[in-house]
K.L.:
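Below are the structure tokens for one structure; questions will follow.
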2 protein chains.
Amino acid sequence: MQTYLECIPCFVKQTMSVMELVELNDEIREKTLRAVLKYLSTIDFHHSPPAMARQIHKLIREQSGISDPYLTEKQRDQQLAMQLLPQLEQQVLMADNKLRAAVLVAIAGNSIDHGVYHGMTVEQILTSVEQALEVPLLGDLDNFAASIAKAESILYLGDNAGEIVLDKILLNQLPLDKTTFAVRGGPIINDATYAEAQQAGITELVTVIDNGDISPGTILNNCDPAFVALFNKADMIIAKGQGNYETLSDNKANIFFLLKTKCPVIAADIGCSMGSALLYHPSA
Amino acid sequence: MQTYLECIPCFVKQTMSVMELVELNDEIREKTLRAVLKYLSTIDFHHSPPAMARQIHKLIREQSGISDPYLTEKQRDQQLAMQLLPQLEQQVLMADNKLRAAVLVAIAGNSIDHGVYHGMTVEQILTSVEQALEVPLLGDLDNFAASIAKAESILYLGDNAGEIVLDKILLNQLPLDKTTFAVRGGPIINDATYAEAQQAGITELVTVIDNGDISPGTILNNCDPAFVALFNKADMIIAKGQGNYETLSDNKANIFFLLKTKCPVIAADIGCSMGSALLYHPSA
């Protein structure tokens, strides 16, 4: 998916939001913002929003000297999700359609997104996750189930810290020996890295690989060859969140996108309403 | 008042908002936004936000070829305010303290601000104005009344289209023969120009002068010498709205600022809460 003009105000807000999270003196704040504005004035709109965010956050890291501004938020969200996990596992176990329930929980976890919701509170996360099983699921669950049954190899592209803890419920509905879980190659916004996957216990469930790139999405051109090889040979890809959609929506692989639509530009691109819980399979 | 880093996202949003009001092809929209971003990356934060807005809207006019994107909105707001006028005049006539009521109506008119509230609807304007006389007035009304009584010359700096219609009620509480009403030198956002003052019937009440500059505020360095002379010899200045506050807050003249605080940066600069109806006299 390309970047739209409407993404620009969001990039500026995101920059301001990162700078609020960390202690920076006024001079560095100003220098960082100027660098981002200058970059934005020259961007190529043909690239995806995460490709832009990749460069913006690189600039922020370089100017501020801070490699992981969302560290505290990520830890808070991981703890919170781990506290919520037992009850949600119970609810999914008791559901008539376990796969459907697990998908809804995985999508509810996608509400934990500091790139879209700046200054996200514990209450906001709790509300979203509590409503998880109540919302309608847009998408063809039977097709998803059939694809799982058929697949010899599944690549699950994780998204945010906290969110990945709830992904464990859906992972447990998949053939674990055939499934690999992928994380980002380094800290970007509140996206999960290997450290969070390990903390969440995902490394105990399935093989975890990092994609070798620091983008809030999956930009194959920038990823490690090992990851790209895995991507290319997977029979089925489960891609969590908007960033993975934005970077892979034009890819012809057998991808199921699981996300909550949190941005009007993406909702319009997909053709659904804002706030939808979406199991989207473009090639279907 | 200087520009703060927090003003930058607003400038970007304002640019997007102007471009939504007018029909522009994608190429011009992109070119305009790039030009604004490039300018923002180099601005001098010592200047006031309206000084920045002056340059930004100049860029927008140059790139888009559209000199008055808010024309339709201004006409709608003028008509709406003229419809509201008789009832508000009645309410002020019946009020125990007519000056206080007139000040509150003038401040309520300041809600009509497309620079802050993008895509402002008729309902939003009606709600603000209807609540006008109910809200508390922050400021020293006695001092304001005493200054009016003493003044040999009063300069009333208008702000937005629509709003200036409601200013007539306060103008009628002033010595009309000693009062001059000033408007902007040309169309900028939804600020009132001479044409709107004439349409509102203000030219029939008092002398109206345009300040010769196209800024959403009063930047004396850019104004016509005739206006500056009038400003310098006025015993009392009544300055409506945030833009006039931002550009004149450091001026030592006898200025009473009448505004609704619509922006957290300005509320913090003044030291009051957001949404306050404010009669502010810094030299007091």
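In what follows, chains are A, B, ... by sequence order, proteins preceding strands, each numbered from 1. Remember, it's a predicted structure, so these values are computed and weren't measured experimentally.
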K.L.:
Would you give the length of the straight line joining atom CG of A/L40 to atom NZ of B/K38, rounded to the nearest 0.5 angstrom?
P.N.:
14.5 Å

K.L.:
Does atom NZ of B/K262 have more than 12 heavy-atom neighbours from other groups under 6.0 Å away?
P.N.:
yes

K.L.:
Residues of residues 43-60 of chain B under 4.5 Å from chain A (heavy atom pairs)?
P.N.:
B/I43, B/F45

K.L.:
Could you please state which residues from residues 16-35 of chain A sit under 4.5 angstrom from chain B, measuring non-hydrogen atom to non-hydrogen atom, sorted by number, or 'none'?
P.N.:
A/M16, A/M19, A/R29, A/E30, A/L33, A/R34

K.L.:
Ignoring hydrogens, what is the shortest heavy-atom contact between A/L37 and B/S41? Give both atom names and the distance.
P.N.:
CB-CB, 3.7 Å

